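Per chain, numbering begins at 1; letters A, B, ... match sequence-line order. The model shown is predicted, which means the values in this text are computed figures rather than measured ones.
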2 protein chains.
Amino acid sequence: MQMTPDLAKQDCSACPIRHRAVCARCEPDELTRLEEIKFYRTYEAGQPVAWAGDKMDFVASVVSGAATLTQTMEDGRRQMVGLLLPSDFVGRPGRSGASYDVVAVTDLVMCCFRKVPFEQMMATTPHVAERLLEMTLDELDAAREWMLVLGRKTAREKIASLLSIFARRDVLVGAAHTRSVEFDLPLTREAMADYLGLTLETVSRQMSALKRDGVITLKGKRGVLVPDLDLLMEEAGDDSDGGMLS
Amino acid sequence: MQMTPDLAKQDCSACPIRHRAVCARCEPDELTRLEEIKFYRTYEAGQPVAWAGDKMDFVASVVSGAATLTQTMEDGRRQMVGLLLPSDFVGRPGRSGASYDVVAVTDLVMCCFRKVPFEQMMATTPHVAERLLEMTLDELDAAREWMLVLGRKTAREKIASLLSIFARRDVLVGAAHTRSVEFDLPLTREAMADYLGLTLETVSRQMSALKRDGVITLKGKRGVLVPDLDLLMEEAGDDSDGGMLS
DNA sequence: CCATTCGTTTGATCTGCGTCAAAGCGCACT
DNA sequence: AGTGCGCTTTGACGCAGATCAAACGAATGG
């Protein structure tokens with residue numbers, strides 16, 4: 001959780017309000033104010049960012065790495081309710097504590113803003129509040145999309161749906177109209193199971209099945225090669241194009 | 001979908017920004033502007049409010065009755081992703097179309113605001129934008145709570161979780177510290193199944209089981225009596241107090 | 001009054017996934 | 001090289017919930 005001075009001045013395109021990429025309407029002095037209250041934190045794989053109920057005095061967005069939001073029942077059953085990948089946002093303006101356990105699953109760099117000045121900024125600059133609302137609506141859509149996965153999809157479809165999420169972040173256009181992708185899974189089988197409402201054994205079995213059927217190829221322990229993204233998305237039972245066109 | 005003149009002047013405490021109850025900071029002229037762009041619509045049970053992809057030129061909140069947000073796969077599998085009860089909000093500022101099918105499940109009255117003037121209002125009055133963000137965050141929390149239900153709870157726990165949602169809206173304090181509640185189920189068994197990721201048969205069986213075990217009593221077709229709310233919430237596997245204290 | 005329809009209940013059977021158990025990898029230490 | 005540890009894979013078996021099927025009750029309408 002130490003500061004990383006070498007990052008302190010970096011111009012981070014994945015900042016909470018994505019001020020370079022999206023908030024083009026921001027005035028220069030607004031950007032300056034954002035830069036002033038910004039700092040970076042790093043976490044190691046497995047390290048907690050916050051436990052449910054803890055006070056969180058900052059909001060942040062992921063620069064690199066991945067983190068998970070999970071909920072746990074008293075008897076130990078766990079459900080991941082959010083997956084934070086680069087550019088995703090954490091922290092609730094107007095709420096004192098974290099609602100869920102936030103844990104780094106790989107080495108993680110986050111771009112943070114102290115909560116109090118950030119909220120002041122929100123209250124005075126409509127752009128920021130609007131951008132935050134837009135991001136929250138996106139999260140809500142993602143959560144609802146996932147409700148369909150959890151409630152109605154088979155184990156195989158669930159795995160394919162999860163792989164699609166990662167695959168769609170790194171699409172390569174191959175020859176002959178097939179889109180192939182290669183990426184590293186940031187999650188263990190257990191974490192995948194927690195996300196999908198399955199057990200790790202079922203996850204493992206279905207991964208093997210998808211491999212056997214040629215939908216994916218496993219490269220070492222973490223690497224996954226998807227020769228045909230369309231085939232994967234068909235396996236996921238997804239009617240949409242996965243947002244590739246938007 | 002006809003206008004209801006008798007409602008047109010009613011002071012609706014469940015309006016989108018809940019301006020009477022919540023937006024106490026609003027100036028009188030802001031309230032007046034809201035009143036000016038407000039109108040009411042009624043729908044009959046079963047009637048669609050909007051299909052996924054349709055343009056929705058208004059945002060609204062539920063005054064009375066209930067509506068559902070559902071997602072459907074090509075093969076017909078359906079998952080409800082949201083349940084709209086009085087005071088709940090529908091419609092996305094900044095988005096052109098509905099993301100999900102919105103259907104009235106009982107007779108429904110909605111308090112609507114034309115989208116364009118509402119968004120103008122949002123852009124100029126920080127209260128409204130903040131209130132909307134707060135409401136969206138609440139929805140997001142509810143969606144994530146529901147992900148735990150869908151992913152990790154047993155059929156019996158799922159039913160109890162759903163019943164808790166309705167029960168907590170109408171709590172009566174009984175004698176001897178037990179809290180008893182009585183309410184009408186606004187959903188059919190099939191709709192409950194769509195919400196819970198189950199089949200209607202399983203829903204029916206588990207309802208019977210809860211009745212047999214004295215957790216609930218069925219009054220006619222739709223009426224449900226919960227003699228002890230704490231017992232129901234224990235069945236739901238809920239560690240929280242259900243927000244009763246907050 | 002009966003017939004139709006729509007939602008609900010209940011039963012019998014099947015199956016996908018969970019559970020329990022054991023073995024197979026890398027990979028980091030010593 | 002050898003040992004231990006964390007993660008993954010694979011197998012055997014059982015069960016919760018799906019599926020298929022039938023009957024029931026209440027409301028509606030001729």
Side-chain angles (χ1 to χ4, degrees), chain A residues 44-47 73 75-79 103 105-106 149-163 184-213 216-224 235 237, chain B residues 44-47 68 73 75-79 103 105-107 149-163 184-213 216-224 235 237:
Chain A
E44 291 170 18
Q47 203 179 353
M73 296 172 67
D75 62 7
R77 280 178 283 177
R78 288 198 304 163
Q79 176 64 50
V103 179
V105 286
T106 65
V149 173
L150 290 173
R152 291 300 183 195
K153 292 196 176 176
T154 65
R156 174 184 260 246
E157 288 169 334
K158 284 179 174 181
I159 300 288
S161 298
L162 180 56
L163 293 177
D184 280 328
L185 266 178
L187 301 179
T188 65
R189 297 291 122 103
E190 187 179 22
M192 291 174 71
D194 283 342
Y195 202 17
L196 295 166
L198 299 169
T199 59
L200 79 255
E201 293 96 329
T202 299
V203 171
S204 180
R205 271 186 256 272
Q206 296 297 338
M207 290 285 286
S208 300
L210 287 174
K211 184 173 109 187
R212 172 173 37 74
D213 298 344
I216 58 173
T217 310
L218 300 182
K219 304 269 190 180
K221 183 165 269 182
R222 286 294 171 91
V224 176
E235 290 284 349
Chain B
E44 290 170 19
Q47 203 180 350
T68 59
M73 297 171 67
D75 61 8
R77 280 178 283 177
R78 287 198 305 162
Q79 176 64 50
V103 179
V105 285
T106 64
D107 288 348
V149 173
L150 290 172
R152 292 301 184 194
K153 291 196 178 178
T154 65
R156 173 182 262 245
E157 288 169 335
K158 284 178 174 181
I159 300 288
S161 298
L162 180 55
L163 293 177
D184 281 328
L185 266 179
L187 302 178
T188 65
R189 296 292 123 102
E190 188 178 22
M192 290 173 71
D194 283 342
Y195 202 16
L196 296 166
L198 299 169
T199 59
L200 80 254
E201 294 95 328
T202 299
V203 170
S204 180
R205 271 186 254 273
Q206 296 297 337
M207 290 285 285
S208 300
L210 288 174
K211 185 172 108 186
R212 172 172 38 73
D213 299 344
I216 58 174
T217 310
L218 301 181
K219 304 269 193 180
K221 183 165 268 181
R222 285 295 171 89
V224 176
E235 289 286 349

OP1, OP2 of [N] versus side-chain N and O of [X]: anything below 4.0 Å?
X: B:T188; N: C:dG7; result: no
X: A:S208; N: D:dT10; result: yes
X: B:T199; N: D:dA18; result: yes

Whole-Å distance separating the [atom1] atom of [X] from the [atom2] atom of [N]:
X: B:M192; N: C:dT9; atom1: CE; atom2: C1'; result: 14 Å
X: B:L210; N: C:dT9; atom1: CG; atom2: C1'; result: 15 Å
X: A:R222; N: C:dC27; atom1: CZ; atom2: C1'; result: 13 Å
X: B:R189; N: D:dG25; atom1: CZ; atom2: P; result: 16 Å
X: B:E190; N: C:dC6; atom1: CD; atom2: P; result: 12 Å
X: A:M207; N: D:dT10; atom1: CE; atom2: C1'; result: 15 Å
X: B:D184; N: C:dG7; atom1: CG; atom2: P; result: 17 Å
X: B:R156; N: D:dA18; atom1: CZ; atom2: C1'; result: 19 Å

Legend entry - Donor/acceptor link under 3.5 angstrom from A:E201 side chain onto base of C:dC20: yes
Inset, instruction - Report yes if a donor N or O on one partner sits less than 3.5 Å from an acceptor N or O on the other, where the partners are the side chain of B:R205 and the base of C:dG11; otherwise report no. - result: yes
Inset, instruction - Specify the residue among A:R152 and A:K211 whose closest nucleotide of DNA chain D lies further upstream toward the 5′ end. - result: A:K211
Legend entry - Under-4.0 Å salt bridge between A:D194 and B:R152: yes
Minimum-distance nucleotide to [X] side chain [options: [options]]:
X: A:L198; options: D:dT9, C:dG18, C:dT10; result: C:dG18
X: A:L218; options: C:dC17, D:dT9, C:dT9; result: D:dT9
X: A:T154; options: C:dC17, D:dG17, D:dT8; result: C:dC17

Legend entry - Minimum side-chain heavy-atom gap A:L198-A:Q206 below 4.5 Å: no
Quick check against the 3.5 Å criterion: does [X] have a side-chain atom that pairs as donor or acceptor with the backbone of [Y]?
X: B:E157; Y: B:E235; result: no
X: A:S208; Y: A:S204; result: yes
X: B:Q79; Y: B:Y195; result: yes

Inset, instruction - Classify the nucleic acid contact of A:G46 as base, sugar-phosphate or nothing, counting any heavy atom under 4.0 Å across all strands shown. - result: nothing
